[in-house]
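Throughout, protein chains are lettered first and strands after them, A, B, ... in sequence-line order, and every chain is numbered starting at 1.
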Protein chains: 2
Amino acid sequence: MTKKIETEEKIEKCPVETALDILAGKWKILILWYLRRETLRFSELQRMLPKVTQKMLVQKLRELEKDGIIHREVYPIVPPKVEYSLTEYGETLKPILKQMYLWGEIHKKKLNKKF
Amino acid sequence: MTKKIETEEKIEKCPVETALDILAGKWKILILWYLRRETLRFSELQRMLPKVTQKMLVQKLRELEKDGIIHREVYPIVPPKVEYSLTEYGETLKPILKQMYLWGEIHKKKLNKKF
DNA sequence: CTGGATCCAAAAAGATACTG
DNA sequence: CAGTATCTTTTTGGATCCAG
C-alpha cells in the first residue's frame, strides 16, 4: 500500500474545512435545503432547482449519497421512481442550513440594493 | 401594508441562495473563519491557508471586499503592508461560520474513518 | 421517469514566473 | 510583502442521444 500515515495527525484539519469538504460544490447546500424536511423525487428536485442541469443534479446527489448525507430510495416500478431524503447524518447539517437561511433572509434587501 | 410580490415573486430568490452568492467559491468561508476575530496581513492568511494559491487568495479577498464583507487596509510603507478584517456586515456571517465549525468538530472523526 | 454516455464550451482553480 | 501575468488543469455547464 502507498499509505503514508506515519506522521498521521501532522496535518490536522480545521473543522470548518471538514464541513466544507462535504458542502463545497455549487449546488449541494441548496439541494440539502430543499430536502431538509421532505423526501423528494428526482423530478421534484429538478423543478425546484431549475438552474441546475440534470447532469449536475445527478452528480451532486451521487456525491451527497456517497458521503452518507442523503439516502436514495429506488422503487422498482415502471415508470421509475427515485426518492431522495436526508439521512440521520444529513440531518445534523440542518443548523448550518438554518443559519444560512436566516442570514439570507435578513440581508436579501441589502444585496438587492447592489444589483 | 401592500405586499408587493406578484410579478417579482418568480425572481424572488431563496434566502439560502442569497447567502451562497456571497459564500460560494472554494475558499471564502475559510478565509472568513480566520478573520473572524483578528485582523490579518496577506502573508499571515497565506500561512494559515497553505493550500490556497496566491492568485486564488487575492481573487477571493477582492470578491469579499467588493461584497462589503471584509475591509482592506493598505499601509503605504516599504515593504508593503496590507491588512484584512471583517466589516460590520461581515461580522453578521459569524453564526454561519460558527455552525460549520461546530459541525466539523463533531463529525471530524466520522469523516476520518472514510479516508 | 430517472437517469447514463458523450462531446464541446465556459468558468473556476492551480502552477509558475515575475514585479514595484 | 503583496501582489500581476501567463499558462495549464479541473470543474461546471449545456446539448444532445440513448436505455431500463
Exercise for the section: To the nearest Å, give me how far apart CD1 (A/Ile31) and C1' (D/dT12) are. Expected result: 13 Å
Exercise for the section: Measure the shortest side-chain to side-chain distance between A/Tyr84 and A/Ile31 over non-hydrogen atoms and say whether it is less than 4.5 angstrom. Expected result: no
Practice task
Whole angstrom is fine here: how far is it from CD in B/Glu83 over to C1' in D/dC1?
Solution key: 13 Å
Handout entry: ILVMFWY clustering at 4.5 Å (side-chain atoms), partners of B/Ile77
Key = B/Tyr75
Practice task
For the helix from C/dC1-D/dG20 to C/dG20-D/dC1, figure out the bend between the end axes, five pairs an end, and round to 10 degrees.
Solution key: 50°
Exercise for the section: Can you tell me the distance, in whole Å, between the NZ atom of A/Lys51 and the C1' atom of C/dA11? Expected result: 16 Å
Practice task
For DNA chain D, determine which residues of residues 52-59 of chain B have any heavy atom closer than 4.0 angstrom to one of its atoms, and list them numerically.
Solution key: B/Gln54, B/Lys55, B/Val58
Problem - Length of the CD1-P vector between A/Ile77 and C/dG3, whole Å - result: 13 Å
Handout entry: Set of residues satisfying salt bridge (charged side-chain N to carboxylate O under 4.0 Å, His left out) with respect to B/Lys98, sequence neighbours excluded
Key = none
Handout entry: Short side-chain N/O contact to C/dC1 OP1/OP2 from A/Ser43, under 4.0 Å
Key = no
Handout entry: ring-ring contact (aromatic ring centres under 6.0 Å, His included) involving B/Trp33 - partner list, sequence neighbours excluded
Key = B/Tyr101
Exercise for the section: For the side chain of B/Val82, starting at C-beta, report the closest nucleotide among D/dA2, C/dC1, D/dT4. Expected result: D/dA2
Practice task
For B/Gln46 and C/dA15, give me the distance from atom CD to atom P, rounded to whole Å.
Solution key: 13 Å
Practice task
Determine the contact category for B/Pro80: base if any of its heavy atoms lies under 4.0 Å from a base atom, sugar-phosphate if only primed atoms, P, OP1 or OP2 are that close, otherwise nothing.
Solution key: base
Fill in the blank from the handout: In short, side chain to side chain donor-acceptor pair (under 3.5 Å) pairs touching residues 36-52 of chain A with sequence neighbours left out are A/Lys51-B/Glu17
Practice task
Ignoring the backbone of A/Arg72, work out which of D/dG3, C/dG3, C/dC1 is nearest its side chain.
Solution key: C/dG3
Practice task
Whole angstrom is fine here: how far is it from CZ in B/Phe42 over to C1' in D/dC1?
Solution key: 9 Å
Practice task
With heavy atoms under 4.0 Å as the rule, sort B/Tyr84 into base, sugar-phosphate or nothing.
Solution key: sugar-phosphate
Exercise for the section: Return the value, rounded to whole Å, for the distance between atom CG of B/Leu61 and atom P of C/dA13. Expected result: 13 Å
Exercise for the section: Specify the separation, in whole Å, of atom CG of A/Leu40 and atom C1' of C/dT2. Expected result: 15 Å
Problem - B/Leu102 vs B/Gln99 side-chain heavy atoms within contact, under 4.5 Å - result: yes
Handout entry: Test item: A/Leu97 and A/Leu32 side chains (from C-beta on) under 4.5 Å apart, heavy atoms
Key = yes
Practice task
State, to 0.1 Å, how close B/Val16 and A/Ile29 come at their nearest heavy-atom pair, and which atoms those are.
Solution key: CG1-CG2, 3.8 Å
